Protein chains: 2
Amino acid sequence: MDSWDDIRFFLAVARSGSVRGASVGLGVNHSTVLRRVSNLEAQLGALLFEKLPSGYKLTPAGEEILDLAISMDEDSSLLQTRVFARDQNLTGPLRVALPPSLASELLMPDFAAFTQLHPEIELQIATSYEAVNLTTRQADLAIRLVYDQLTLPPHLFGTRLQDVHRSVYISREFQNRILNNPQCSARWILKEEDGPAPSWAANPDLEIGGPPINVSDMASQLSAVRAGMGVTILPCFVGDLDRSLARVAGSTSKYYGTLWVLTHGETRKTKRVRLFSEFIKARIALYSALLSGEAYIDDASKGSLTK
Amino acid sequence: MDSWDDIRFFLAVARSGSVRGASVGLGVNHSTVLRRVSNLEAQLGALLFEKLPSGYKLTPAGEEILDLAISMDEDSSLLQTRVFARDQNLTGPLRVALPPSLASELLMPDFAAFTQLHPEIELQIATSYEAVNLTTRQADLAIRLVYDQLTLPPHLFGTRLQDVHRSVYISREFQNRILNNPQCSARWILKEEDGPAPSWAANPDLEIGGPPINVSDMASQLSAVRAGMGVTILPCFVGDLDRSLARVAGSTSKYYGTLWVLTHGETRKTKRVRLFSEFIKARIALYSALLSGEAYIDDASKGSLTK
DNA sequence: GTCCATCGGTTGATTTTTGCACCACCGTTC
DNA sequence: GAACGGTGGTGCAAAAATCAACCGATGGAC
């Protein structure tokens with residue numbers, strides 16, 4: 001075979017199901033993908049895809065070699081990981097993946113502190129809602145908020161850190177307005193991905209009426225609740241830290257998920273990974289009460305909570 | 001990793017030990033290899049080779065990823081093999097590997113017959129002294145003359161066919177000359193790879209003196225013995241078929257090796273491979289007496305041996 | 001039905017890769 | 001010591017792969 005890259009393109013198309021989809025994933029023009037696939041087909045002397053108007057679908061021949069392409073992909077990923085793992089220099093890159101909310105609302109100052117402490121480490125922060133794939137070395141370390149159960153893929157190591165609670169929040173200004181003017185009613189501000197308001201959030205002291213306001217991300221959600229558009233459910237480490245917000249009177253905090261730090265088996269012994277791992281675990285431990293929702297003091301001076 | 005081909009180049013260099021050596025194997029300019037390797041090193045952020053004046057030698061980092069590159073290579077080979085194995089058309093290519101002597105001196109007419117019988121099969125005959133690698137699909141079927149023991153790599157299937165004997169030959173013309181002129185002595189014609197003349201070939205009836213004549217291939221060896229330069233050891237299927245040659249009087253035939261037909265586990269069920277395999281086995285069976293050296297009739301009409 | 005997004009396919013311009021012709025260097029051989 | 005065959009390294013021109021901008025077709029939303 002005189003081009004392994006053709007197999008890489010084949011795999012991308014097989015995974016995405018379309019040439020165009022593969023092309024964006026690969027970061028190349030779709031005509032390139034087209035040509036490389038037909039090149040591979042010509043070399044093998046077999047049709048690998050059914051060229052449907054709706055996309056590329058694997059033929060039996062394509063199915064048969066898919067697992068080998070996947071195996072090559074895994075090898076190539078592991079290859080990068082191993083080289084990275086060998087690197088015991090403090091100097092060098094370090095990719096950390098975590099959910100956007102944790103980054104922007106809580107840990108960014110700690111990341112800043114870490115870069116000050118170790119300026120020679122080139123910290124790359126990748127925030128995404130989706131769980132980033134450590135196996136393919138999209139990241140060297142991942143901080144995850146796990147909702148259900150954590151099933152660790154092979155070769156991955158996890159440390160369970162901390163339970164995270166959430167509660168129902170409202171703008172203080174808006175709360176006062178409601179108290180003074182009983183006609184004024186609150187509405188739910190819901191993030192689409194979270195679904196409808198859970199039953200535990202219902203509160204006898206506060207009537208919530210009208211259709212919910214839907215937002216797509218936490219930034220909008222925060223803006224909306226700050227602007228006094230209604231009430232919303234937030235992780236306590238977000239809501240409790242925001243001076244303009246208060247928990248809706250009578251609301252309890254509820255278990256939301258558990259924080260984990262994940263590392264790859266090959267890279268976890270690397271100096272940079274170990275260093276960051278220990279650092280961030282220590283920092284998160286400091287937020288223990290905040291994350292679990294036990295740090296909230298009704299009404300009183302919230303300023304003391306900020307670090 | 002955005003170029004699996006770089007890994008392919010890395011592997012080629014690691015195997016050959018030099019950039020230039022790899023370049024000829026890959027069929028590209030050596031500067032290309034140079035650039036691809038440094039490209040890979042840059043992407044991984046690690047030195048893979050020690051750049052010695054005598055060649056490229058793997059660093060520990062390079063050693064560590066070598067097995068993954070090999071694994072990718074194996075996957076890529078198997079990928080081609082699988083696609084080929086799926087192909088149940090009679091029409092298509094078929095690569096057969098065998099030692100040059102067998103091809104040129106015995107089986108070529110049978111190959112000709114096969115292509116006449118199945119003109120739609122694109123027969124590619126690869127003759128080489130080295131055992132061709134079936135696993136990497138350099139060939140779909142190999143006919144081998146095995147001298148020692150056959151240890152089959154995994155996934156390869158072999159059929160034991162026939163013992164091959166060899167004997168000591170001389171030009172009939174030269175033999176007569178010696179008989180008439182006792183001063184005239186014979187010399188050994190030796191093929192380098194075969195080493196010195198074995199003890200069993202010694203013959204009390206024929207004095208062999210002087211330094212041996214060394215040749216590098218069988219074609220030269222045949223020319224030399226035909227020209228009456230001396231005596232030589234040949235497989236019986238070569239010597240007995242040549243009307244101008246005779247076994248040295250009193251010489252016995254000795255076991256030389258065993259013929260095997262090897263196929264890859266994945267491709268052996270392919271129509272073309274099965275067809276050729278059965279055909280050539282049948283043909284070789286016809287040569288049974290010839291191969292084992294039992295067909296030789298002293299002096300008498302050798303013409304009857306040719307098919 | 002219309003609109004719109006997405007799909008694959010094609011073609012000419014552009015960028016990237018590759019090949020070629022060199023160089024310097026080292027060890028062997030004559 | 002000179003010549004030679006081997007090694008890696010380096011500009012520059014040619015070749016090849018890629019990009020960008022199209023096209024027609026399809027399928028779903030409205």
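Heavy-atom basis, side chains included; hydrogens, waters and symmetry copies ignored. Residue numbers begin at 1 in each chain, while the letters A, B, ... track the order of the sequences. Since the model is a prediction, treat every value here as computed from it, not as a measurement.
Side-chain contact annotation: A:Asp2 with A:Gln43, donor-acceptor N/O pair under 3.5 Å present. For the residue pair A:Asp87/A:Thr270, the side-chain donor-acceptor check at 3.5 Å is not satisfied.
Comment: A:Asp140 does not engage A:Arg95 in a salt bridge, judged by the lack of any side-chain N to carboxylate O separation of less than 4.0 angstrom.
In this structure, B:Lys51 places its NZ atom 7 Å from P of D:dG9, rounding to the nearest Å. In this structure, CZ of B:Phe49 is placed 14 Å from P of D:dT7, rounded to the nearest angstrom. At whole-Å resolution of the value, NZ in B:Lys57 and C1' in D:dG8 are 17 Å apart. The interatomic distance linking A:Asp5 (CG) with D:dA17 (C1') rounds to 12 Å, in whole Å.
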When every nucleotide of nucleotides 10-30 of chain C is labelled 5' to 3' by its protein contacts under 4.0 Å (heavy atoms), B for base, S for sugar-phosphate only, - for none, what sequence of letters results? BB------BBB----------

Worked check of side chain to side chain contact (heavy atoms under 4.5 Å, CB included) between B:His264 and B:Val273: CA-CA 10 Å; B:His264 193 285; B:Val273 172; over 6 Å; no

Check the pair B:Val37, B:Val19 against side chain to side chain contact (heavy atoms under 4.5 Å, CB included), reporting the backbone distance first and the verdict last. CA-CA 9 Å; B:Val37 167; B:Val19 171; 5.8 Å; no

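Listed pair A:Tyr56 / C:dT6 fails the phosphate criterion, with no side-chain N or O lying under 4.0 Å from OP1 or OP2.
B:Asp67 meets the side chain to side chain contact (heavy atoms under 4.5 Å, CB included) test with A:Arg82; sequence neighbours excluded.
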